[in-house]
Engineer: 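Structure below; questions to follow.
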Amino acid sequence: QVQLVESGGGSVQAGGSLRLSCAASGSTISRRCMAWFRQGPGNEREGVANIDRYGNTNYANAVKGRFTISNDNAKNTLYLHMNSLKPEDTAMYYCAARLSTTCQDWAMDYWGKGTLVTISS
């Protein structure tokens, strides 16, 4: 079993930046597909970004050029660097992992409990 714990959420003004962290245990994230999802008020949960063991990344169109997914192998931690934040980025952000070395799709096996990000205008 993989345990994922998110942190770094908070309230930020539009145009600002924030970095989310996901501390993982039970598995080495560098060997797996890892991802960030989010769910805003009244919206479905959507994939934001993912990264596979080879460093290949994918981003939702809404965040391309603004968000960056990365990992720190020494800390077994996944990050989401968010820049130029917009009010529509307001959501609960979730860290996720799957038992695969690649990210062929957005189906995940393990989920964190989420961290709330609120962007004010």
Side-chain angles (χ1 to χ4, degrees):
Q1 290 291 121
V2 178
Q3 185 175 66
L4 306 171
V5 181
E6 304 95 335
S7 63
S11 181
V12 182
Q13 296 182 84
S17 301
L18 196 66
R19 186 184 75 169
L20 305 183
S21 299
C22 172
S25 62
S27 181
T28 302
I29 64 172
S30 64
R31 300 178 181 177
R32 306 298 176 196
C33 169
M34 302 293 297
W36 286 97
F37 284 70
R38 69 183 182 184
Q39 185 170 20
N43 298 321
E44 296 182 352
R45 184 176 296 186
E46 63 177 348
V48 174
N50 63 37
I51 182 170
D52 66 17
R53 68 168 299 171
Y54 307 105
N56 298 309
T57 59
N58 293 285
Y59 297 91
N61 289 333
V63 307
K64 286 183 178 179
R66 299 190 298 119
F67 291 10
T68 302
I69 187 171
S70 63
N71 57 54
D72 185 329
N73 295 337
K75 297 180 179 180
N76 205 36
T77 300
L78 182 74
Y79 299 101
L80 183 66
H81 298 261
M82 305 184 293
N83 300 312
S84 301
L85 286 162
K86 305 174 181 179
E88 51 262 45
D89 293 319
T90 294
M92 184 71 75
Y93 283 73
Y94 300 89
C95 177
R98 69 175 296 168
L99 298 177
S100 175
T101 58
T102 59
C103 302
Q104 296 300 116
D105 53 47
W106 292 89
M108 311 303 287
D109 299 305
Y110 303 97
W111 297 85
K113 294 183 179 180
T115 185
L116 183 63
V117 172
T118 302
I119 311 302
S120 60
S121 60

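Values below: every heavy atom of this structure, side chains too, minus hydrogens, waters and symmetry copies.
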Engineer: Could you measure the distance from the CG atom of L116 to the OH atom of Y93? Nearest 0.5 Å is fine.
Structural biologist: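 L116 CG to Y93 OH: 10.0 Å, rounded to 0.5 Å.
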Engineer: If you take all heavy atoms of N73 and S30, which pair is closest and at what distance?
Structural biologist: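 Smallest interatomic distance, heavy atoms only, reads OD1-CB, 3.1 Å.
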Engineer: Salt bridge between E6 and K113, side-chain N to carboxylate O under 4.0 Å?
Structural biologist: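 Looking at K113 together with E6, the answer is no, because their closest N to O distance does not fall below 4.0 Å.
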Engineer: Quick one: does S17's side chain get under 4.5 Å of N83's, heavy atoms only?
Structural biologist: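 Counting from C-beta outward, S17 and N83 do come under 4.5 Å.
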Engineer: Considering only heavy atoms from C-beta outward, does the side chain of L80 approach that of L78 to under 4.5 Å?
Structural biologist: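 No - every pair of side-chain heavy atoms lies 4.5 Å or more apart.
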Engineer: Looking at A14 and S121, what are the two nearest heavy atoms and their distance?
Structural biologist: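 That closest heavy-atom pairing would be CB-CA, 4.2 Å.
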Engineer: Is any side-chain heavy atom of T68 closer than 4.5 Å to one of Y79?
Structural biologist: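 When only atoms from C-beta onward are counted, T68 and Y79 do not touch, as no gap falls below 4.5 Å.
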Engineer: What distance do C95 atom SG and I69 atom CD1 have between them, rounded to the nearest 0.5 Å?
Structural biologist: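 These two atoms lie 8.0 Å from each other.
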Engineer: In Å and rounded to the nearest 0.5 Å, what is the CZ to CZ distance from R38 to R45?
Structural biologist: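 Rounded to the nearest 0.5 Å, the CZ-CZ separation comes out at 13.0 Å.
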Engineer: Rounded to the nearest 0.5 Å, what's the gap from OH on Y94 to CE on M108? Could you check?
Structural biologist: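 That separation rounds to 14.5 Å.
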Engineer: If we only count heavy atoms from C-beta on, is the M34 to L4 side-chain gap below 4.5 Å?
Structural biologist: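 Contact flag for M34/L4 side chains = yes.
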Engineer: Would you give the length of the straight line joining atom CD1 of I51 to atom OG1 of T57, rounded to the nearest 0.5 angstrom?
Structural biologist: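 These two atoms lie 6.5 Å from each other.
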Engineer: Indicate the atoms forming the closest heavy-atom contact of S27 with V2, along with that distance.
Structural biologist: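 It is CB-CG2, 3.5 Å.
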Engineer: Within the distance-only criterion (no hydrogens, no angle test), does the side chain of N76 pair as donor or acceptor with the backbone N or O of A23 below 3.5 angstrom?
Structural biologist: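 No: the side chain of N76 does not pair with the backbone of A23.
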Engineer: Would you say CD of Q39 has more than 12 non-hydrogen atoms from neighbouring residues, nucleotides or ligands within 6.0 angstrom?
Structural biologist: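 Enclosed.
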Engineer: How close do V12 and L85 get, counting heavy atoms only, and between which atoms?
Structural biologist: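 Heavy atoms of V12 and L85 come nearest at CG1-CD1, 4.1 Å.
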Engineer: Taking the side chain from R98 and the backbone from A107, do they hold a donor-acceptor pair closer than 3.5 Å?
Structural biologist: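 Side chain of R98 to backbone of A107: a pair is present.
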Engineer: Going by ring-ring contact (aromatic ring centres under 6.0 Å, His included), name the residues that satisfy it together with F37, two or more places apart in sequence or in a different chain.
Structural biologist: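 Result, ring-ring contact (aromatic ring centres under 6.0 Å, His included) vs F37: W106, W111.
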Engineer: Can you confirm whether D89 sits close enough to R66 that some side-chain heavy atom of one is under 4.5 Å from a side-chain heavy atom of the other?
Structural biologist: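 In short, these two side chains touch, coming nearer than 4.5 Å.
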Engineer: Check for me, please, whether M92 and V48 land in the same ILVMFWY cluster - side-chain distances under 4.5 Å, paths through other members count.
Structural biologist: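 Shared cluster, no.
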Engineer: Nearest 0.5 Å, please: how far is OG in S21 from CG in N71?
Structural biologist: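 Answer rounded to 0.5 Å: 12.0 Å.
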Engineer: Does some side-chain heavy atom of M82 sit less than 4.5 Å from a side-chain heavy atom of V117?
Structural biologist: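 Result yes, sub-4.5 Å side-chain heavy-atom pair found.
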